[in-house]
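The structure displayed is predicted, hence computed values, not measured ones.
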Amino acid sequence: MSPIVSGLLLMTFGAFLAGGAISFRRQKITVIAQLVLWVLAVAFFAYGFYVTTLD
């Protein structure tokens with residue numbers, strides 16, 4: 001798999017997790033669960049961006 005495709009998939013998964021964190025906020029689920037999702041979302045998105053710039 002090329003770095004562009006895998007990086008974009010990672011960034012898409014990070015955006016999916018960010019959407020989950022926003023949904024958790026609207027449902028008033030605990031702040032800890034929201035923070036975990038936000039940290040994972042940023043990590044996947046940043047790593048996906050890093051992978052796309054390797055090429």
Side-chain angles (χ1 to χ4, degrees):
M1 185 179 304
S2 73
I4 298 282
V5 172
S6 60
L8 288 176
L9 285 173
L10 285 167
M11 289 171 36
T12 302
F13 185 65
F16 175 75
L17 290 175
I22 292 169
S23 174
F24 275 19
R25 181 178 173 98
R26 289 184 181 163
Q27 295 175 32
K28 300 191 186 326
I29 295 178
T30 62
V31 176
I32 300 298
Q34 294 174 37
L35 285 175
V36 168
L37 278 181
W38 276 116
V39 167
L40 288 173
V42 169
F44 274 103
F45 198 84
Y47 186 64
F49 182 73
Y50 169 74
V51 169
T52 56
T53 58
L54 288 178
D55 192 24

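The shortest side-chain heavy-atom distance between L9 and M1 falls under the 4.5 Å cut-off.
By the rule that hydrophobic residues join a cluster once side-chain heavy atoms approach within less than 4.5 Å of another member, L10 and L54 end up as members of one cluster. Using a 4.5 Å cut-off between side-chain heavy atoms of Ile, Leu, Val, Met, Phe, Trp and Tyr, with links allowed through other members, I29 and L40 fall into the same hydrophobic cluster.
Partners of V39 under the side-chain contact (heavy atoms from CB on, under 4.5 Å) rule, at least two apart in sequence or in another chain, do not exist in this structure. In terms of the side-chain hydrogen bond (donor to acceptor under 3.5 Å, both in side chains) criterion, residue partners of S23 (sequence neighbours excluded) are, by chain and number, Q27.
Here the closest non-hydrogen pair linking V51 and S6 is CG1-OG, 3.5 Å. Annotation for A41 and L17: closest pair CB-CB, 3.8 Å, computed over non-hydrogen atoms.
Among residues at least two apart or in separate chains, ring pair (Phe, Tyr, Trp, His ring centres under 6.0 Å) pairs with a member in residues 12-47 are F13-F44.
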